[in-house]
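Okay, so here's the structure we're looking at.
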Number of protein chains: 2
Amino acid sequence: MENKPTASELEILGVLWSKGAATVREVNEALNQEREIGYTTTLKLMQIMAQKGLVARDETSRTHIYKAAIDQDKVQATLLNRLVDSAFSGSASSLVMQALGQGKTSKSELEAIKKLIEKLEGGQP
Amino acid sequence: MENKPTASELEILGVLWSKGAATVREVNEALNQEREIGYTTTLKLMQIMAQKGLVARDETSRTHIYKAAIDQDKVQATLLNRLVDSAFSGSASSLVMQALGQGKTSKSELEAIKKLIEKLEGGQP
DNA sequence: ATTTATTTACGAATTCATTCGTATACCATT
DNA sequence: AATGGTATACGAATGAATTCGTAAATAAAT
């Protein structure tokens, strides 16, 4: 994926993924739940993102409506692979083990992961 | 961790973690296996890193000897948590599942992960 | 001893992301 | 029609990361 969102862009994408579609004002208000950020700052970022193709916008009415133009899954996969390469010497399993070792995963989540592993093992032995 | 290495710094830490200790020239040559980068660029980065406390250096001889001053585990954990927060809505398990779903994990690695999960579950059954 | 090569230190250019001020257009209400 | 509020567009300041050129110091080779 040649489109790599920056940190701020990822914040905005997060809002759009959860809301589905939103105006600049709505996104800006969501961001301001977390930290203070000016309206025109958010606007500018979203304009840049539109130019990059990270978001699409409907310009029919004066107040433009934005939505994400890339899948959350794809972005997650891209960022994950980048992290695996840059910090885990390319080993996804050591990343997984590090993540699990943090102790922030509930028992039911662990069960779900185990199920997934068994499914993966079954598929390609 | 207040010390967050940048992308380039992480590359250098990677070399130091694998070599244990190295001169600027050695690090630069390792980096040049991947991409072209000038000697003084690497030097400057390592000087900045020394100032930040990311690396330590022995200055007794003219050619300084550098080594990493932070644990690979700690950096991995920091970056992992950051990614979980920024791209996975704080859910470590969804990151794990996304990572496993890539299909880049061998059967023996999957086994090892399963063992780890069972060990973690054993703690509070 | 003079030249050549290697090293560190320093400063600065470049690039990119982030931030916001100002101008302009549009719409609604008076 | 004039006023006030809200929107977009644009330009530019700021700051951080990356890059490298040049100078000065040191060591090695002739």
Side-chain angles (χ1 to χ4, degrees), chain A residues 1-16 21-67 75 78-79 82-83 86-87, chain B residues 1-16 21-67 75 78-79 82-83 86-87:
Chain A
M1 184 179 306
E2 76 301 344
N3 278 340
K4 56 150 189 178
T6 68
S8 303
E9 288 171 347
L10 195 54
E11 281 186 320
I12 291 173
L13 284 173
V15 175
L16 292 176
T23 63
V24 173
R25 180 149 305 277
E26 286 165 341
V27 170
N28 183 247
E29 270 159 14
L31 296 184
N32 270 281
Q33 304 292 100
E34 293 301 316
R35 64 196 179 91
E36 185 170 314
I37 181 165
Y39 176 83
T40 55
T41 303
T42 303
L43 169 65
K44 178 71 162 189
L45 278 172
M46 291 176 75
Q47 285 171 341
I48 291 169
M49 291 169 77
Q51 208 180 351
K52 288 189 189 175
L54 294 175
V55 299
R57 66 179 178 184
D58 176 350
E59 312 182 6
T60 51
S61 73
R62 182 165 92 97
T63 303
H64 300 173
I65 311 275
Y66 288 76
K67 59 184 176 43
V75 172
T78 300
L79 296 175
R82 178 171 326 218
L83 183 63
S86 70
Chain B
M1 180 178 306
E2 77 300 344
N3 278 340
K4 55 150 191 177
T6 67
S8 303
E9 288 171 347
L10 195 54
E11 281 186 322
I12 291 174
L13 284 172
V15 174
L16 293 176
T23 64
V24 172
R25 181 151 303 278
E26 285 165 341
V27 170
N28 183 247
E29 270 159 13
L31 296 184
N32 270 282
Q33 303 293 99
E34 293 301 316
R35 63 194 180 94
E36 185 171 314
I37 180 165
Y39 175 83
T40 55
T41 303
T42 303
L43 170 65
K44 178 71 164 191
L45 279 172
M46 292 176 74
Q47 287 171 339
I48 290 169
M49 292 171 76
Q51 207 181 350
K52 288 190 191 174
L54 293 175
V55 299
R57 65 179 178 184
D58 177 350
E59 311 182 7
T60 51
S61 72
R62 182 165 93 97
T63 303
H64 301 172
I65 311 274
Y66 288 76
K67 58 184 178 44
V75 172
T78 300
L79 296 175
R82 178 172 327 211
L83 184 63
S86 70

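What's counted below: heavy atoms across the whole structure, side chains too, no hydrogens, waters or symmetry copies. Model, not experiment: these values are computed from the prediction. Labels below follow one simple rule: chain letters A, B, ... track the order of the sequence lines, proteins then strands, and each chain is numbered from 1.
Annotation for E36(B): atom CD does not count as buried by contact number, only 12 or fewer foreign heavy atoms lying within 6.0 Å. Other residues, nucleotides and ligands place no more than 12 heavy atoms under 6.0 Å from the CD atom of E34(B).
The distance between atom CG of L10(A) and atom C1' of dT18(C), rounded to the nearest whole Å, is 15 Å. When the C1' atom of dT18(D) is taken as reference, atom CD of E34(B) falls 18 Å away, rounded to whole Å. The nearest whole Å value for the distance from the CG atom in N28(A) to the C1' atom in dC20(C) is 12 Å. The CE-C1' distance, from M46(B) to dA9(C), rounds to 15 Å in whole Å. Rounded to whole Å, the distance from CG on L45(B) to C1' on dT15(C) is 15 Å. For D58(B) and dT8(C), the CG to C1' distance is 15 Å, given to the nearest whole Å. Atoms CZ (R35(A)) and P (dC20(C)) sit 9 Å apart, rounded to a whole Å. In this structure, I37(A) places its CD1 atom 12 Å from C1' of dA17(C), rounding to the nearest Å.
Taking a cutoff of 4.0 Å between a charged side-chain nitrogen and a carboxylate oxygen, K4(A) and E9(A) do not qualify as a salt bridge.
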Protein-nucleotides 5-11 of chain D N/O pairs closer than 3.5 Å?
from    : atom 1 : to     : atom 2 : distance (Å)
dT6(D)  : O2     : R62(A) : NH1    : 3.1
dT6(D)  : O2     : R62(A) : NH2    : 2.6
dA7(D)  : OP1    : R25(A) : NE     : 3.4
dA7(D)  : OP2    : R25(A) : NE     : 2.6
dA7(D)  : OP2    : R25(A) : NH2    : 2.6
dA7(D)  : O4'    : R62(A) : NH1    : 3.2
dA7(D)  : O4'    : R62(A) : NH2    : 3.4
dT8(D)  : OP1    : H64(A) : N      : 3.3
dT8(D)  : OP2    : Y39(A) : OH     : 2.7
dA9(D)  : OP2    : Q47(A) : NE2    : 3.1
dA9(D)  : OP2    : R57(A) : NH1    : 3.2
dG11(D) : N7     : K44(A) : NZ     : 3.4
dG11(D) : O6     : K44(A) : NZ     : 3.3

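Using a 4.0 Å heavy-atom criterion, one finds that T41(A) contacts the bases of the nucleic acid, with or without backbone contacts as well.
Under the 4.5 Å side-chain criterion, counting only non-hydrogen atoms from C-beta, D58(B) is not in contact with H64(B). Taking 4.5 Å as the limit, some side-chain heavy atom of R25(A) sits within range of a side-chain heavy atom of E29(A).
To the nearest 0.5 Å, atoms CG (N28(A)) and OG1 (T23(A)) are separated by 9.0 Å.
In terms of phosphate contacts, T6(B) brings no side-chain nitrogen or oxygen within less than 4.0 Å of OP1 or OP2 of dA17(D).
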